Amino acid sequence: MLQLKHIFKSYKVGDNITHALDDVTISFRDQEFVAILGPSGSGKTTMLNVIGGLDRYDQGDLIINGKSTKNFKETDWDAYRNNTVGFVFQNYNLLPLMNVYENIALGLRLRDLPRTVIDSRVRSASSFLGISDILSRKLRAITDAERQRVALGRAIVCQPKVLLVDEDFARQNEDRRKEMLHDILRINSELGITVLYVTNDLEEALSLNKRIVYMKDGKIVDC
Ligand code: ADP
Ligand code: MG
């Protein structure tokens, strides 16, 4: 469903050019779980951002469900980001003064959906993640483990086709990481959402028994 064809992306800082993605060609199937590994600076985050439509590639093509994105306008990228991808960011971008329900519902904010539909989506995402009983709590009144689930709830409430998870959360403590990974594996297997999971933990990636993609110097070295 997702194909990257000869994708190039570089960053210029002063006179310095970094080839963050250097001729990347790779495909991801529907409902696949893929662990993405590689040293720091190898282009993992850039690839995720390009796939998620947060950043634009310079050359090549990203094909989504058979459709080229070469001529995508900003509105097409917006629609793609809102309808097809879910992200989990390191700090989760949650709003501390809002309650759990409102934070999850934010994932649907840009859509013109009836209240009842929003309500049922928030409830089913919360129930899937086991946080139905804390919907009215303020974010500052819940635990880190719960906050992590709220972030996942927000990412899946829009029923994305792909969930993008960057390694940053991996810097958290071991228990949090394990819980997060467990939830993400369920999101993949039970909801059928494709997951691209960037990690810096080789052993963990191997233990998952899933496809592993290695990156180095902006290239895919093995997949
Ligand atoms: P990874 O996630 O594997 O650590 P990144 O995709 O973040 O790698 O970075 C790939 C390369 O691109 C690195 O050399 C990094 O310094 C550079 N890079 C990433 N983002 C930017 C940016 N916004 N401006 C300049 N250079 C960047
Ligand atoms: Mg990174």
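All values reported here derive from a predicted model rather than from experimental measurement. All ligand and atom numbering here is 1-based and tracks the order in the structure.
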Exercise. So, is Gly43 polar-close to ligand 1, with some N/O to N/O distance under 3.5 Å?
Worked result: yes

Exercise. Just by distance, do the side chain of Arg186 and the backbone of Phe128 share a donor-acceptor pair under 3.5 Å?
Worked result: yes

For this session: Return yes when Gly218 approaches ligand 1 closer than 4.0 angstrom through a heavy atom, no otherwise.
Result: no

Exercise. Any N/O of Gly41 closer than 3.5 Å to an N/O of ligand 1?
Worked result: yes

Exercise. With a cut-off of 2.8 Å, does Ser40 place any N/O/S atom under that distance from the Mg ion (ligand 2)?
Worked result: no

Exercise. Got a donor-acceptor contact below 3.5 angstrom from the Lys5 side chain to the Ile63 backbone?
Worked result: no

Exercise. Can you tell me which residue and heavy atom of the protein come closest to atom 19 (C) of ligand 1, and the distance to 0.1 Å?
Worked result: Tyr11 CE1, 3.4 Å

Exercise. By number and element, which atoms of ligand 1 are closer than 4.0 Å to a non-hydrogen atom of Val13?
Worked result: 25 (C)

Exercise. Just wondering, do Ile7 and Met47 contact through their side chains at under 4.5 Å, heavy atoms?
Worked result: no

Exercise. Who's the nearest protein heavy-atom neighbour of atom 3 (O) of ligand 1, and how far?
Worked result: Lys44 NZ, 2.8 Å

Exercise. Looking at Pro39, which atoms of ligand 1 are within less than 4.0 Å of one of its heavy atoms?
Worked result: 3 (O)

For this session: May I ask you to test the Val117-Leu108 pair for a side-chain heavy-atom distance under 4.5 Å?
Result: no

Exercise. Does the Asn103 side chain pair with the main chain of Leu95, one donor and one acceptor, at a distance under 3.5 Å?
Worked result: yes

Seminar exercise, completed: Among non-hydrogen protein atoms, atom 9 (O) of ligand 1 lies closest to Thr46 OG1, 3.9 Å

Problem set entry | Interfacing atoms of ligand 1 (cut-off 4.0 Å, heavy-atom, Ser42) | 1 (P), 3 (O), 8 (O)

Problem set entry | Spacing of Asn173 atom CG and Lys178 atom NZ [to the nearest 0.5 Å] | 10.0 Å

Problem set entry | Residue part near ligand 1, for Asp166, under 4.0 Å between non-hydrogen atoms | neither

Exercise. Side chains of Leu62 and Leu4: does their closest heavy-atom pair fall under 4.5 Å?
Worked result: yes

Exercise. Charged N to carboxylate O below 4.0 Å: is that the case for Asp78 and Arg81?
Worked result: yes

For this session: With heavy atoms only and a cut-off of under 4.0 Å, state how Thr18 meets ligand 1: side chain, backbone, both or neither.
Result: side chain

Problem set entry | Side chain Asn99, main chain Tyr101, donor-acceptor under 3.5 Å | yes

Problem set entry | Protein contact of atom 12 (O) of ligand 1 - nearest heavy atom, named by residue and atom, plus distance | Ala20 CB, 3.4 Å

Exercise. Does atom 6 (O) of ligand 1 have any protein heavy atom closer than 4.0 Å?
Worked result: yes

Exercise. Hey, are the side chains of Val165 and Ile184 touching, using non-hydrogen atoms and a 4.5 Å cut-off?
Worked result: yes

For this session: Return a yes/no value: protein heavy atom under 4.0 Å from atom 15 (C) of ligand 1?
Result: no

